Protein chains: 2
Amino acid sequence: MATGRNHRPATSRSRGIPEATVARLPLYLRALTALSERSVPTVSSEELASAAGVNSAKLRKDFSYLGSYGTRGVGYDVEYLVYQISRELGLTQDWPVVIVGIGNLGAALANYGGFASRGFRVAALIDADPQLAGKPVAGIPVQHTDELEKIISDNGVSIGVIATPAGAAQQVCDRLVAAGITSILNFAPTVLSVPEGVDVRKVDLSIELQILAFHEQRKAGEEPGASSGRRPGEAAAPDVDTAPPAAPPAVAVTKRPPESGPDGDLPAVMPA
Amino acid sequence: MATGRNHRPATSRSRGIPEATVARLPLYLRALTALSERSVPTVSSEELASAAGVNSAKLRKDFSYLGSYGTRGVGYDVEYLVYQISRELGLTQDWPVVIVGIGNLGAALANYGGFASRGFRVAALIDADPQLAGKPVAGIPVQHTDELEKIISDNGVSIGVIATPAGAAQQVCDRLVAAGITSILNFAPTVLSVPEGVDVRKVDLSIELQILAFHEQRKAGEEPGASSGRRPGEAAAPDVDTAPPAAPPAVAVTKRPPESGPDGDLPAVMPA
DNA sequence: CCATCTTTGTGCACGCGTTCACAAAGGCAT
DNA sequence: ATGCCTTTGTGAACGCGTGCACAAAGATGG
């Protein structure tokens, strides 16, 4: 999920810590921070797992990659674990971040408190619109794209957030990378190409919704048992397709693997 | 991933389509739509894969789950494939969506064009602040939380977007679910608990940044000589910088840093 | 000091997802 | 038709991630 291109070992077992584990550490950290604020001294893997919404065995295995920080019969020391995870994630140091594209989303991100809370500091806001230049957003004056390279260089920024329209994303990305950025969080609905060594993570609202729609459609089409029967008012054919817009390459009527689920869900009717 | 809780087979082999494949379909669809607009009649798996940023073998296997829509020696018919994927994802029907929490982020989402583009329609904006009630955001008047149940019921909404502060998220979630919502896109930095049958996908800016920071730190710590030749499995000695705050794995007596607001994350007050 | 109880840490097995590599299928030129 | 070339569709191998189940480790009480 973090690849801009497709390569990279993906294994990314940086030092032995699986990527899946890394992705969960922030979750644990959040739960632990909450416990810390309530002055809870220790937690068991069961409790913490529950708070983080994961399996306790998984949590223990995750922590085992960090080392053995628990005490058998007791659990984990909250404060200590907060520190260890923070350190592992690199949150004990300061991470200046630039946000490029100060539209609705960019502005919202700039105002987002989640940045500053954990070592992330918004070093600059950048936008291509000269009109915005100088105007403060979230207390930080917006700077023009022309300054991009200088800003990154001067502040030693290594993490960039792209919140521009899709059309400008790749271009901005290239400039960020050329300027020294090695980690990018991309909100633009585009696939970014980056050289090896640069990490890209994408946040795509549209994709998330489409995935939800898929499951939603499936739920609506299965609940009744066999026939259609949808809750959300509207009609719309479930799966049994309507007529496709364009004629298939005339080769469409291939044999369908009859191994379709035992639930005999949908008659695989192919457009003739 | 997409689970609010931890259970659920996760297999989710809806009809044989792996979850990982479903997550990529929107990517393919986007690439195909772009080709369609350029009136490109057909594409090979290689070309399309490149455009979507994935491996071509993976793409072919993904499509094989949908059926055989390609022509050997030629490739895939763009228009036809756009239709098939759209139908599979359930985008041929209308999906009314409600956004709860019209702060900076909620407003940005409301203005986001990505919604309407693919069958998703913002049916209503909901916020707990009476001040906002009636005021239009993105051309849609904000309604008060009191109306939540009625709005969902009247519009047959099945997908909800939570953009509230973390403290309010679970409560809002519960009400949404009780009102009939079965798919939730959660932007609040919290783990949501939902009954079985309800899908939750989360988008967490803070987590993404922390993951990036992890890799960033690793890059910074390895590039130079990388004197530390420790191998995985071994007791992980503290990385680069600073020494641990307090005691070793025995019993920590760490002190809390004076800073650090609430859980950070969102400018909101957490319920005790 | 010993017995018991709690909770961690992990070996192991299983299943999903990815990738390779190739046979089959179709187009196209001759 | 025949043969060659392109590209799909997929069988099989492999690796990662997950979860079970249990032995080891340590706390606690007598």
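Numbered from 1 within each chain, the chains take letters A, B, ... in sequence-line order. This is a predicted model, so every value here is computed, not measured.
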Sugar-phosphate only, base, or nothing, as touched by A/Tyr76 at under 4.0 Å among non-hydrogen atoms: sugar-phosphate

Shortest non-hydrogen contact between B/Ser56 and B/Ala49, atoms and distance: CA-CB, 3.5 Å

For A/Leu25 against A/Ile85, the heavy-atom pair lying closest together: O-CG2, 3.8 Å

Closest to the [X] side chain, choosing from [options]:
| X | options | answer |
| --- | --- | --- |
| B/Lys58 | C/dT18, C/dT10, D/dT10 | C/dT18 |
| B/Arg24 | C/dT19, D/dT8, C/dT18 | C/dT18 |
| B/Ser45 | D/dA23, D/dT8, C/dC20 | D/dT8 |

Integer-rounded Å distance: [N] [atom2] and [X] [atom1]:
| X | N | atom1 | atom2 | answer |
| --- | --- | --- | --- | --- |
| B/Tyr80 | D/dT8 | OH | P | 16 Å |
| B/Glu46 | D/dG9 | CD | P | 14 Å |
| B/Phe63 | D/dT7 | CZ | C1' | 14 Å |
| A/Tyr65 | C/dG11 | OH | P | 10 Å |
| B/Leu66 | D/dT10 | CG | C1' | 15 Å |
| B/Asp62 | D/dT8 | CG | P | 14 Å |
| B/Tyr28 | D/dT8 | OH | P | 13 Å |
| B/Arg60 | C/dC22 | CZ | P | 14 Å |

Centroid-centroid under 6.0 Å between B/Tyr76 and B/Tyr69 rings: no

N/O (side chain, A/Asn55) to phosphate O (OP1/OP2, D/dC20) under 4.0 Å: yes

Inter-residue atom distance B/Arg24.CZ - B/Asn55.CG, 0.5 Å rounding: 9.5 Å

Closest-nucleotide 5' rank along DNA chain D - winner of B/Ala57 and A/Ala57: B/Ala57

Residue met sooner reading DNA chain D from 5', once A/Val74 and A/Ala20 are mapped to nucleotides: A/Ala20

Residue among B/Val177, B/Asp199, B/Val172, B/Ile159 satisfying side chain to side chain contact (heavy atoms under 4.5 Å, CB included) with B/Ile184: B/Val177

Under-3.5 Å donor-acceptor pair between A/Lys61 side chain and D/dG17 base: no

No-H, no-angle donor-acceptor pair, B/Arg72 side chain to D/dT8 base, under 3.5 Å: yes

